[in-house]
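Here is the structure we will look at, set down as structure tokens.
In this text, all values refer to a predicted model and were calculated from it rather than measured experimentally.
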Amino acid sequence: MVKIYERDLKLHESLACYQRAFDIIFKVNGWRNPKAVEICRKLVSRYWAENRFDEASEHNMDLLQFMIENKGRDDPEVGDLHDTMGSILRDMGQYQDAAHHFIRALDIKKKNDAVDID
């Protein structure tokens, strides 16, 4: 029981640290700083791990929109973000929206030959 508590406490503390870091970096440079993208990805995973799906989906959607604008709709990283968005929405019970993101992720992977589909 103590280990679970310690793990949850560390997760919560890391979430607060990542949120502060993201706020500072984003305020100064916006998405231009590559660290903002990296920290945002970590924030999404931390919020998701804590079942804070609204925050996870909001950060993931912001990052998804940025990556589409800067890397293009069919970039593999965009596909990964669609896959993450689908998983978050699935966990929120929004299955139709989740399916849209999963299908989009699969389409991107097919275009980039990242997966072999018959």
How many angstroms lie between atom [atom1] of [X] and atom [atom2] of [Y], to the nearest 0.5 angstrom?
X	Y	atom1	atom2	value
Asp80	Thr84	CG	OG1	6.5 Å
Ile24	Gln19	CD1	CD	10.5 Å
Arg46	Cys17	CZ	SG	10.0 Å
Arg52	Leu43	CZ	CG	9.5 Å
Gln65	Asn60	CD	CG	10.5 Å
Met67	Leu64	CE	CG	9.0 Å

Ion pair check, Glu38 and Lys35, cut-off under 4.0 Å: yes
Charged N-O contact under 4.0 Å between Arg104 and Asp74: yes
Stepwise side chain to side chain contact (heavy atoms under 4.5 Å, CB included) test for Ile68 and Phe66: CA-CA 6 Å; Ile68 287 170; Phe66 168 75; over 6 Å; no
Set of residues satisfying ring-ring contact (aromatic ring centres under 6.0 Å, His included) with respect to His59, sequence neighbours excluded: Phe22, Tyr47
Taking all atoms of both residues into account, what is the closest heavy-atom pair of [X] and [Y], and its distance?
X	Y	value
Ile108	Arg73	CD1-O, 3.3 Å
Gly30	Ala36	O-CB, 3.6 Å
Cys40	Leu63	SG-CB, 4.1 Å
Ile39	Ala21	CD1-CB, 3.9 Å
Ala98	Gly86	CB-O, 3.2 Å
Asp75	Glu77	OD2-N, 2.9 Å

Stepwise side chain to side chain contact (heavy atoms under 4.5 Å, CB included) check, Leu106 with His82: CA-CA 9 Å; Leu106 188 57; His82 274 293; over 6 Å; no
ILVMFWY cluster, Val78 and Phe102 together (side-chain gap under 4.5 Å): no
Working for side chain to side chain contact (heavy atoms under 4.5 Å, CB included), residues Lys110 and Asp107: CA-CA 5 Å; Lys110 283 197 282 188; Asp107 288 343; 3.9 Å; yes
side-chain hydrogen bond (donor to acceptor under 3.5 Å, both in side chains) pairs, two or more places apart, involving residues 85-100: Trp48-Asp91
